[in-house]
Structure formats: C-alpha cells, structure tokens
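Contents: one structure, followed by commentary.
In what follows, every chain begins at residue 1, and chains take the letters A, B, ... in the order their sequences are listed.
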Amino acid sequence: MGMDGWREIGKHSFTPLSLEETLLGGQSFVWTKKGSHQWRGVIGRSIVDLSLRNGRLSWRASLLHPFSEGELTKYLWIDGSYDAAIEEMPWRSDPVLRESLRAFSGLRILGQPFDETLFYFLLSSAKSISQIKSCGEAVALRYGEKLGFGIGSFPGWNRLCEVPEEELRKLKLGYRAKYVAGVADFLASRSGWLEETASLPYEKAKARLMEMPGVGQKIADCALLFGAGKLEAFPIDTWMDKSLERRYGLEGWSLSQKLTFARVHFGKFAGLAQQFLFSSERRGIFA
DNA sequence: CTCCAGGAGATAT
DNA sequence: ATATCTCCTGGA
C-alpha cells in the first residue's frame with residue numbers, strides 16, 4: 001500500500017502555474033492538490049504523486065500498481081513533439097494566442113485513458129469541476145478497485161453495465177445517470193467498439209461517439225481531445241464560446257460557425273490552442 | 001427564495 | 001438550421 005521513492009524527470013517545461021492548470025484545470029478530474037508543490041492522481045490503477053519544486057519535477061508511484069517513467073512522460077506529453085506542436089500554432093499572427101501561450105507556458109493536453117475520459121465528461125454537463133470530480137470519485141470508490149488512500153480506480157464500462165441507474169442517481173449523478181447507464185448498455189453489445197473508435201480519424205470518431213446517449217458535440221470533442229490524442233478536436237463550452245466572441249469578435253456567429261473558424265484558424269493542434277485560451281478565459285488573464 | 005453552472009435531447013419553428 | 005424547455009444537484 002506504500003509508495004515507491006521519488007525520481008526526477010530531467011527535462012520538462014512546466015511552470016507551477018501550467019502544471020497546476022494541466023492537472024486541475026478541467027481536462028482531468030483525477031488529480032488532487034496535496035500541498036503548494038505537490039499533486040496526487042490516479043492513472044489507470046496506479047496512484048501517482050507529482051512534485052514541482054524550484055523547477056525540478058519529481059514523481060513517485062504506488063508499489064501495488066507500479067507506473068513507468070515512460071508511461072508518465074507520455075501521459076504528461078513530455079517530449080519534443082510538444083514543442084513542435086507549439087511552434088505550429090498560429091501565435092505569430094494571433095496576439096491573443098501569443099499572450100495566452102506566454103501566460104500558461106508549458107500547459108499540456110494529458111494522455112488519459114479513453115474509456116475513463118468519456119465517463120468523466122458524461123458527468124460534466126452543467127456541473128462544476130469539483131462536482132464532476134466528487135461524483136466520479138464516488139463511482140470509482142464504490143465500483144472500482146480500492147487502491148488505498150481513499151482512492152478507487154475507474155470501474156470500466158463492463159462493470160458499470162451491471163449498475164442500475166437508480167444506484168447512480170443515489171451517487172448524485174442526477175439526469176446524467178441515465179447517460180452513464182445508457183452508454184454502458186450501448187457498449188455492452190459492442191465489443192471493441194470504443195477502442196476502434198479511438199483509432200479512427202477525428203471526424204469519423206466524433207460521429208461515432210455521438211451515436212451514444214448523452215454524447216453531443218462538446219462531450220465527444222472532450223473525450224477525443226483528452227482521451228484519444230485527437231489534437232485537432234476543439235471543444236466549445238461556455239468559456240470557449242465567450243473567448244471566441246470576446247477575443248476573436250465572433251459575436252452573433254452560430255456554434256457551428258465558431259467551430260469552423262476555430263478549426264481553420266488554429267489548425268492541426270486546435271485542441272491545444274483551445275486549452276490555452278480556455279485557461280486564459282477561466283483564470284481571467286485578459287480581464 | 002431564484003438562478004445558474006464547462007450540455008444533451010426532444011420538440012417546435 | 002436555430003430557439004426553447006427540461007432534466008438533477010449544489011452552491012451563490
């Protein structure tokens with residue numbers, strides 16, 4: 001039930017702000033702040049601690065379910081492809097994006113498990129980050145594997161399929177309980193469907209996800225961006241809607257027009273741009 | 001008390 | 001295609 005020793009990751013480009021925002025800023029709901037420089041999360045069945053002190057990034061994982069440095073650097077997108085993605089974004093001609101990149105330097109899109117990401121974003125409708133987090137944790141603790149430290153793993157859709165909607169409602173999921181039960185049921189009769197979806201090109205994958213109950217454009221884009229590495233996905237929530245209207249002058253544009261603008265303007269890594277703009281809007285750097 | 005928060009679905013136009 | 005209403009819950 002203990003943790004392995006701390007190890008340092010030599011090369012990274014996180015700042016305290018961008019690491020905090022990456023872990024807690026709304027793309028993931030499995031991280032908790034343990035101290036001013038320390039965070040604890042669950043990745044799959046492994047519990048992982050991260051520490052960022054004086055620019056040094058260190059980590060340790062649970063002994064029960066070990067985690068490798070390779071898995072972690074992949075999860076945190078710590079490799080050259082991140083810098084290449086930043087370079088490809090249109091910040092040279094876009095002062096809003098440029099300012100945002102400066103403010104949240106090092107901000108990443110995490111490489112989270114697809115099935116779990118879909119689950120968490122199914123809960124996200126009209127809920128705040130802390131509510132999504134506590135609902136998800138409650139489900140994980142009750143139906144997932146108990147990992148110690150008061151943490152449970154994502155139970156998986158197979159297990160969730162056995163859980164009646166009423167039980168999920170008792171865990172405060174509200175009307176989202178129907179969506180979770182519906183998706184579990186949908187997947188139960190389609191072995192390998194989710195994995196296959198993740199491997200399809202973005203547009204195709206998005207259309208398939210939207211066949212499921214409770215999955216519209218926004219949640220499909222979130223699941224694909226944060227859980228399947230589809231970096232061109234550009235989820236538009238109320239914050240992004242505001243951002244596009246205020247910072248890019250798109251007042252009066254329809255949602256689909258905004259999405260088209262974003263995908264054309266921000267390009268191949270639109271989802272990464274989205275995360276910078278989202279954080280900027282939410283944390284009010286333009287205010 | 002009312003209102004709304006990181007939405008989707010059904011219905012009406 | 002776009003607009004409005006409802007669906008749960010917790011917090012302002």
Report task. Scan G26(A) against the nucleic acid and name what it touches under 4.0 Å (heavy atoms): base, sugar-phosphate only, or nothing. Result -> base
Report task. Determine the interplanar angle of the F266(A) and F234(A) rings, folded into 0 to 90°, and report it as parallel if under 30°, tilted if 30 to 60°, perpendicular if over 60°. Result -> parallel
**Report entry** N/O (side chain, R169(A)) to phosphate O (OP1/OP2, dC8(C)) under 4.0 Å
**Finding:** yes
Query - Base dG7(B) to side chain S125(A), donor-acceptor N/O within 3.5 Å cut-off - result: yes
Requested in this report: Could you give the distance separating dC8(C) and dT11(B) at their P atoms, to the nearest angstrom?
Outcome: 16 Å
Query raised in the report: Could you give the CG-to-P distance, from L122(A) to dC8(C), as a whole number of Å?
Result: 16 Å
Requested in this report: Report the relative orientation of the aromatic rings in F261(A) and H265(A); use parallel for angles under 30°, tilted for 30 to 60°, perpendicular for over 60°.
Outcome: parallel
Query raised in the report: Which whole number of Å gives the distance between the P atom of dG6(B) and that of dT2(C)?
Result: 24 Å
Query raised in the report: dG10(C) and dG9(B): how far apart are their P atoms, nearest whole angstrom?
Result: 23 Å
Query - Length of the NZ-C1' vector between K242(A) and dC4(B), whole Å - result: 12 Å
Report task. Remember a base hit wins even if backbone is also touched, and classify I129(A) as base, sugar-phosphate or nothing at under 4.0 Å, heavy atoms. Result -> base
Query - Separation of dG6(B) P from L24(A) CG (nearest whole Å) - result: 16 Å
Requested in this report: Write down the distance separating the P atoms in dC3(B) and dC5(C), rounded off to the nearest Å.
Outcome: 13 Å
Query - For atom CG of L259(A) and atom P of dA1(C), their distance in whole Å - result: 15 Å
Requested in this report: Count the heavy atoms of every other residue, nucleotide or ligand shown that sit under 6.0 Å from CG of N158(A), and state whether that count exceeds 12.
Outcome: no
Query - Length of the CH2-P vector between W239(A) and dG7(B), whole Å - result: 12 Å
Query raised in the report: Nearest of dG6(B), dA8(B), dC8(C) to any side-chain atom of R176(A)?
Result: dC8(C)
Requested in this report: Between G25(A) and M210(A), just flag the one whose closest nucleotide in DNA chain B comes earlier from the 5' side.
Outcome: G25(A)
Report task. Determine, answering yes or no, if Y175(A) is stacked on dC8(C) under the 5.5 Å centre rule and the 30° plane rule. Result -> no
Query - Watson-Crick or G-U wobble mate for dC8(C), both contacts under 3.5 Å - result: none
Query raised in the report: Is the ring centre of F186(A) less than 6.0 Å from the ring centre of W157(A)?
Result: no
**Report entry** Parallel, tilted or perpendicular, as decided by the 30° and 60° cut-offs, for the rings of W31(A) and Y75(A)
**Finding:** tilted
Query raised in the report: Heavy atoms under 4.0 Å, any strand shown: does P235(A) hit a base, just sugar-phosphate, or nothing?
Result: nothing
Query - Base paired to dG6(B) (Watson-Crick or G-U; both N/O distances under 3.5 angstrom) - result: none
Report task. Would you classify K218(A) as touching base, sugar-phosphate or nothing, given that sugar-phosphate means primed atoms plus P, OP1 and OP2, and contacts are heavy atoms under 4.0 Å? Result -> base
Report task. Take the protein atom CG of L118(A) and the nucleotide atom C1' of dG7(B), then report the distance between them rounded to whole Å. Result -> 14 Å
Requested in this report: Before giving the answer on side chain to side chain donor-acceptor pair (under 3.5 Å), spell out for E245(A) and W253(A) the whole-Å C-alpha distance, their side-chain angles and the decisive distance to 0.1 Å.
Outcome: CA-CA 8 Å; E245(A) 289 187 355; W253(A) 292 42; over 6 Å; no
**Report entry** Under 3.5 Å side-chain donor-acceptor pair for Q112(A) and Y120(A)
**Finding:** no
Report task. Measure from NZ on K133(A) to C1' on dT9(C) and round the result to the nearest Å. Result -> 18 Å
Requested in this report: Measure from the side-chain heavy atoms of Q131(A) and tell me the nearest of dG6(B), dT9(C), dG7(B).
Outcome: dT9(C)
**Report entry** Pairwise 5' ranking along DNA chain B for M212(A) and R282(A), keeping only the more 5' one
**Finding:** R282(A)
Query raised in the report: Between dC7(C) atom P and Y179(A) atom OH, what is the distance in whole Å?
Result: 11 Å
Query raised in the report: Has S124(A) got a side-chain N or O lying under 4.0 Å from the OP1 or OP2 atom of dG6(B)?
Result: no
Report task. Check every atom of dA8(B), dG6(B), dT9(C) against the side chain of C222(A) and return the nucleotide holding the closest atom. Result -> dG6(B)
